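Some notes on the structure that comes next.
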Amino acid sequence: MVKSNLTTSTLRIAPVGNSVSLFLLISYLLCIGFGLLAPEQIAMHEAWAPLLPGFEWLTWTGFLIGLVESYLYGWYFAILFVPLYRWFAKVPYRH
């Protein structure tokens with residue numbers, strides 16, 4: 001019989017930050033690739049523009065700004081999420 005350990009594993013900011021940042025970066029690159037291949041009517045760059053200040057479609061500067069901002073959004077998420085998760089993991093649940 002396998003015993004389960006009910007202790008909560010502690011999340012660390014660095015692995016979460018890098019994981020979420022890479023997830024967003026890969027998603028950004030896939031959307032850019034899709035935008036280059038798809039017809040203009042269904043392109044994704046219009047969805048990214050309001051979320052990424054300075055992003056411009058089909059310019060090197062806009063592309064690089066999008067890369068950096070996508071990665072930084074992942075760290076923003078981790079810096080907020082991990083402490084909140086740790087705090088709520090310590091709070092006892094009442095049923």
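The structure presented is a predicted model; accordingly, all values stated were derived computationally and were not measured.
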Under 3.5 Å, is there a donor-acceptor pair between the side chain of R86 and the main chain of L11? yes

Same hydrophobic cluster for L37 and I32, using side-chain heavy-atom links shorter than 4.5 Å among ILVMFWY? no

Would you compute the distance between atom CD1 of I65 and atom CG of L72 and round it to the nearest 0.5 angstrom? 11.5 Å

Please find the pair of heavy atoms, one from G17 and one from S21, that lie closest to each other, and give the distance. O-OG, 2.7 Å

Can you hop from F77 to I79 via hydrophobic side chains spaced under 4.5 Å? yes

Checking side chain to side chain contact (heavy atoms under 4.5 Å, CB included) for the pair L25/Y73: CA distance, chi angles, key distance, verdict? CA-CA 9 Å; L25 191 71; Y73 273 132; over 6 Å; no

Give the intermediate values and the outcome of side chain to side chain contact (heavy atoms under 4.5 Å, CB included) for residues V20 and W75. CA-CA 7 Å; V20 176; W75 277 96; over 6 Å; no

How many angstroms lie between OG in S27 and CG in L22, if you round to the nearest 0.5 Å? 10.5 Å

Distance check, rounded to the nearest 0.5 Å: S70 atom OG versus L51 atom CG? 9.0 Å

Can you tell me how far CG of L30 sits from CZ of F34, rounded to the nearest 0.5 angstrom? 11.0 Å

Using the side chain to side chain contact (heavy atoms under 4.5 Å, CB included) definition, which of the options W87, F81, F88 pairs with Y85? F81

Can you list the steps and then say if F55 with Y28 is a side chain to side chain contact (heavy atoms under 4.5 Å, CB included)? CA-CA 12 Å; F55 171 77; Y28 172 76; 3.3 Å; yes

Rounded to the nearest 0.5 Å, what separates atom CG in N18 from atom CD1 in I13? 11.5 Å

From L24 atom CG to E69 atom CD, the distance as rounded to the nearest 0.5 Å: 12.0 Å

Test of understanding: clusters of I, L, V, M, F, W, Y form through side-chain heavy atoms closer than 4.5 Å, transitively. Do W57 and V68 belong to the same one? no

Cluster check Y76, I26: I/L/V/M/F/W/Y, side chain < 4.5 angstrom: no

